[in-house]
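A quick write-up on the structure given underneath.
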Amino acid sequence: MHDTPCPCGSALPLSACCGRFHNGQLKAPTAEALMRSRYAAFALQDSAYLLRTLHPSRRGPDEQAQIERSFAGTEWQGLVILDCIGGTENDSSGIVEFVASYQTASKRGQLHERSQFLRENGEWFYTSGTAGTISEPGRNDPCWCGSGKKFKKCHG
């Protein structure tokens with residue numbers, strides 16, 4: 001875990017980034033930090049962390065099993081944060097808009113979402129998200145990894 005790059009895209013090692021939140025060493029200080037750590041948890045298939053950071057009012061009786069089923073056949077490949085509204089260490093709520101790239105056995109795509117977060121007793125929780133476009137890039141579109149290359153020359 002020490003040398004592995006964090007999946008959230010920070011360029012830091014996992015142990016110095018989202019891994020500190022996953023293992024309970026620290027709590028995410030902002031809504032964006034929680035968003036990044038939840039993305040990393042999806043990429044690493046850490047259902048316990050995803051359940052722990054889902055607001056208690058949103059947890060169903062079989063929530064962890066549902067989260068684990070969502071891992072099947074999906075490889076998360078990159079995260080880009082588009083916007084943050086509130087969600088600082090001084091706020092009680094926040095919104096983080098992001099695009100997450102993924103690949104399944106049959107396609108590549110992107111999930112565009114505006115996620116809602118609440119902070120209670122100093123701890124941030126994911127409450128809900130509004131999905132925007134879910135798309136698959138065209139061969140001549142810019143690559144979603146941010147390299148500046150066309151998709152076909154990079155991840156296509």
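Numbers for residues simply follow the sequence, beginning at 1. Quick caveat, the model's predicted, so the values are computed rather than measured. In what follows, every heavy atom counts, from backbone to side chain, and hydrogens, waters and symmetry copies are set aside.
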Query - Those residues that, when tested against Glu32, pass side chain to side chain donor-acceptor pair (under 3.5 Å) (two or more places apart) - result: Arg36

Requested in this report: Could you tell me which non-hydrogen atom of Glu89 sits nearest to which non-hydrogen atom of Pro29, and how far apart they are?
Outcome: CG-O, 3.2 Å

Query - Single-linkage hydrophobic cluster, 4.5 Å side-chain cutoff, Leu26 and Trp124 together - result: yes

Query raised in the report: Can you find a heavy atom in the side chain of Arg119 that is under 4.5 Å from one in the side chain of Asp91?
Result: no

Query raised in the report: If you take all heavy atoms of Leu54 and Arg38, which pair is closest and at what distance?
Result: N-NH1, 3.8 Å

**Report entry** Approximate separation, where rounding is to 0.5 Å, of Ser92 OG and Leu118 CG
**Finding:** 7.5 Å

Requested in this report: Specify the closest pair of heavy atoms between Ala100 and Trp76, including all atoms of both residues, with the distance to one decimal.
Outcome: CB-CZ3, 3.7 Å

Report task. May I ask you to decide if Glu63's main-chain N or O and Gln66's side chain share a donor-acceptor pair within less than 3.5 Å? Result -> no

Query - Min side-chain heavy-atom separation Phe125-Ser57 under 4.5 Å - result: no

Report task. Say whether Ile95 and Leu79 are linked into one hydrophobic cluster, either directly or through other cluster members, by side-chain heavy-atom distances under 4.5 angstrom. Result -> no

Report task. Enter the distance from Phe42:CZ to Ile67:CD1 here, rounded to the nearest 0.5 Å. Result -> 6.0 Å

Query - Cys17 versus Leu12, closest heavy-atom pair with distance - result: CB-CB, 4.0 Å

Query raised in the report: Any sub-3.5 Å donor-acceptor pair from Thr127's side-chain atoms to Gln116's backbone N or O?
Result: yes

**Report entry** Shortest non-hydrogen contact between Arg52 and Phe21, atoms and distance
**Finding:** NH2-O, 3.5 Å

Query raised in the report: Does the side chain of Ser37 pick up a donor-acceptor pair with the side chain of Tyr49 at under 3.5 Å?
Result: yes

Query raised in the report: So how far is it from Gln45 CD to Glu68 CD, rounded to the nearest 0.5 Å?
Result: 9.0 Å

Requested in this report: Establish whether Phe71 and Tyr126 are linked, either directly or via other cluster members, by ILVMFWY side-chain heavy-atom contacts under 4.5 Å.
Outcome: yes

Query raised in the report: In Å and rounded to the nearest 0.5 Å, what is the CG to CZ distance from Asp83 to Arg114?
Result: 6.0 Å

**Report entry** Between OG on residue Ser15 and NE2 on residue His22, distance to nearest 0.5 Å
**Finding:** 12.0 Å

Report task. State which residue, out of Ile81, Leu82, Val80, fulfils the side-chain contact (heavy atoms from CB on, under 4.5 Å) condition with Glu97. Result -> Leu82

Report task. Answer with yes or no whether the side chains of Gln64 and Ser47 bring together a donor and an acceptor at under 3.5 Å. Result -> yes

Query raised in the report: Got a donor-acceptor contact below 3.5 angstrom from the Arg20 side chain to the Gln25 backbone?
Result: no

Query - Ser115 versus Phe98, closest heavy-atom pair with distance - result: OG-CE2, 3.2 Å

Report task. Measure the CG-CG distance between Leu50 and Leu44 for me, rounded to the nearest 0.5 Å. Result -> 9.5 Å

